[in-house]
Amino acid sequence: MIDFELNEEHLMVQRMIRDFAAKEVAPYIREWDRAQHFERSVLDKMGELGILGLCVPEKYGGAGMDYISLGLACEELEYVDSFLRVILSVHLGLNSLTLLAWGTEEQRQKYLVPQAKGEKIAAFGLTEPNAGSDAVAIQATAVRDGDEYVLNGEKTWISLADVADNFLVFAWTDREKQRRRDHSGISAFIVERAFPGVETRSLHGKLGIRAGNTGIISLSDVRVPASNRVGEEGEGFKIAMFSLDQGRYTVAAGATGLIKACLDASVRYAQERKTFGRPIAEHQLVKEMIAQMVSDYEASRLLWLRAGWMKNKGLRNTRETALAKWFATVASERAASDALQIHGAYGYSDEYPVERFYRNCKGAVIYEGSREIQKLMQADYALGFRQDKPVRCPLPAWPFED
Ligand code: CAA
């Protein structure tokens, strides 16, 4: 049976997050964006409302909602500003859900529970100055020393770098495999900000998502207990790719919310603004742009919903999630560009939000798997060069077991 209806819980999450973003963020976002200011109190409020642990099982301190709720939350957050959705992508999508699937019971109790409750903030450290799309090119190392690993390296473009308490970091544990670019020499670690040798600093001057915190993490002889290794030694690359299945999902749903924001702003403006003696909504070339936004919004939504439905069922969804991420982010770029065009010169200033949407949309076409990586993946699936195997530690299906 195919059911396109959202249930009561979905509608409740949607309403709650819409109200939160409209009340706590929308009135201030232009100011924060202009000042490149990250407003820490937003994180605290998201924690209080249970958003930071939305689809973490209740037994681990979360709200126990399904993965569709996560997508709906991302739509609503990015409708107001991308920085809000990025918080959820990183803290919950890339980090907490990875601990849920791959963490030991001890790691879940120690790290996942406070993260789900919003008492601790989490981030994800894969990207390095010379390793983005080519994740195997990372240079961070982790050398075993008794009951500890000693980590060295630098991670960049890390969302929440300057505010997170815990980082999920990827580093080579096998230097010989690093020389051969054999991904099975990479391992994953939970690194606390409090560990000596961890330093972070913020990056400024970004094109968009200026209200978000993005930065660099430096690791200098950081001693990490062996019990903080996530998964087995050598499983780090797979864990990173697994994390991206959830991260890309949140990006896809968020981009869908951004398209809706562009559509709503364009519809409003097109009905108010008059040229040649009538509202511009009556000009066919404006209608064409609005029609494109409608179809992009509907298609993006169906793509992420299918990926979310598969997550709920516990099915592997790497292909479907990557497709949703690719389509929605590229479509959001189109929508933001057209929304600005419809607003004409007014869209070119920050008097209207479409200018911010136009700058914000670009990041998602680059991060968490660039447009080009997503295209290559889809072609490889179609050509039979890429097939998904069962994952050793899959995301738990929903409803969660007690
Ligand atoms: N879940 C679990 N395991 C997975 C997996 C997944 N989603 N995807 C792959 N694997 C496993 C494979 O089964 C394979 O296992 P075996 O070796 O046992 O067969 C192993 O991982 C290697 O997989 P691939 O052969 O698919 O690896 P590849 O080298 O062909 O991958 C690639 C190529 C698709 C381009 C991949 O490198 C990729 O996705 N690159 C993009 C990385 C990326 O998104 N970077 C962005 C950084 S994070 C970010 O942007 C966040 C931020 O800062 C805001």
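Just follow the structure's listing: the first ligand is 1, and inside any ligand the first atom is 1. Sequential numbering from 1 along the given sequence is applied to the chain's residues. Hydrogens, waters and symmetry mates play no part in the numbers below; they use all other heavy atoms, side chains included.
- Of the N or O atoms in Ile373, none lie within a sub-3.5 Å distance of an N or O in ligand 1.
- Compare Arg248, Glu368, Arg319, Lys238 by their heavy atoms: the one nearest to atom 3 (N) of ligand 1 is in Lys238.
- Of the polar atoms of Gly132, at least one N or O is found under 3.5 Å from an N or O of ligand 1, judged by distance alone.
- Salt-bridge check for Lys45 with Glu48: failed, with every basic side-chain N at 4.0 Å or more from each acidic carboxylate O.
- When distances from atom 21 (O) of ligand 1 to the protein are checked, a heavy atom turns up under 4.0 Å.
- Of all the heavy atoms of Lys389, the ones lying under 4.0 Å from any atom of ligand 1 belong exclusively to the side chain.
- Within the 4.5 Å cutoff, no side-chain heavy atoms of Pro396 are placed close to those of Glu401.
- In this structure, atom 7 (N) of ligand 1 lies nearest to the protein heavy atom Asp245 OD2, 3.0 Å.
- Between Arg392 and Glu235 there is a salt bridge, with a side-chain nitrogen of the basic residue lying less than 4.0 Å from a carboxylate oxygen of the acidic one.
- Below 3.5 Å of separation, one finds no N or O of Ser159 facing any N or O of ligand 1.
- Remark: Asp174 does not engage Arg180 in a salt bridge, criterion side-chain N to carboxylate O under 4.0 Å.
- Of all heavy-atom pairs spanning Ala328 and Ser300, the tightest one is CA-OG, 3.5 Å.
- Thr127 OG1, 3.2 Å is the protein heavy atom nearest to atom 47 (C) of ligand 1.
- For atom 27 (O) of ligand 1, the nearest non-hydrogen atom from the set Phe237, Phe124, Phe242, Phe385 comes from Phe237.
- Residue contacts with ligand 1 for Leu244 involve side-chain atoms from C-beta outward but no N, CA, C or O (heavy atoms, distance under 4.0 Å).
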Stepwise side-chain hydrogen bond (donor to acceptor under 3.5 Å, both in side chains) test for Gln246 and Lys311 = CA-CA 9 Å; Gln246 280 54 260; Lys311 286 180 198 294; 2.8 Å; yes
request  = List the steps and the verdict of ring pair (Phe, Tyr, Trp, His ring centres under 6.0 Å) for Phe189 and Tyr149.
outcome  = CA-CA 9 Å; Phe189 300 91; Tyr149 286 88; 4.8 Å; yes
message = For Phe170 and Phe124: C-alpha separation, side-chain torsions, deciding distance, then whether ring pair (Phe, Tyr, Trp, His ring centres under 6.0 Å) applies.
response = CA-CA 9 Å; Phe170 300 86; Phe124 182 79; 5.2 Å; yes
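- Of the N or O atoms in Tyr367, none lie within a sub-3.5 Å distance of an N or O in ligand 1.
- Using a 4.0 Å cut-off to heavy atoms of Thr318, the atoms of ligand 1 that qualify are 7 (N).
- The distance criterion of under 3.5 Å between nitrogen or oxygen atoms is met by Trp157 with respect to ligand 1.
- Looking at atom 40 (N) of ligand 1, its nearest protein heavy atom turns out to be Ser133 O, 3.0 Å.
- Evaluated for a salt bridge (charged side-chain N to carboxylate O under 4.0 Å, His left out) with Asp81, the options Arg356, Arg210, Arg30 yield exactly one hit, Arg356.
- The nearest protein heavy atom to atom 12 (C) of ligand 1 is not closer than 4.0 Å.
- The side-chain tip of Lys155 does not point at the ring of Phe167 from less than 6.0 angstrom away and within 45° of straight on.
- Ranked by closest heavy atom to atom 10 (N) of ligand 1, the top entry among Glu235, Met241, Gln374 is Met241.
- Applying the 4.0 Å criterion to heavy atoms of Gly369 picks out, from ligand 1, the atoms 43 (C), 44 (O), 46 (C).
- For atom 4 (C) of ligand 1, the closest non-hydrogen atom of the protein is Arg316 NH2, 3.8 Å.
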query = Under the side-chain hydrogen bond (donor to acceptor under 3.5 Å, both in side chains) criterion, do Gln115 and Tyr60 qualify, and how do the steps go?
reply = CA-CA 9 Å; Gln115 289 176 193; Tyr60 294 121; over 6 Å; no
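- Among Arg386, Met377, His183, the residue whose heavy atom sits closest to atom 31 (O) of ligand 1 is Arg386.
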request  = Begin with the C-alpha distance, continue with both residues' side-chain angles, and end with the deciding distance and a verdict on side-chain hydrogen bond (donor to acceptor under 3.5 Å, both in side chains) for Ser41 and Asp44.
outcome  = CA-CA 5 Å; Ser41 65; Asp44 301 332; 6.0 Å; no
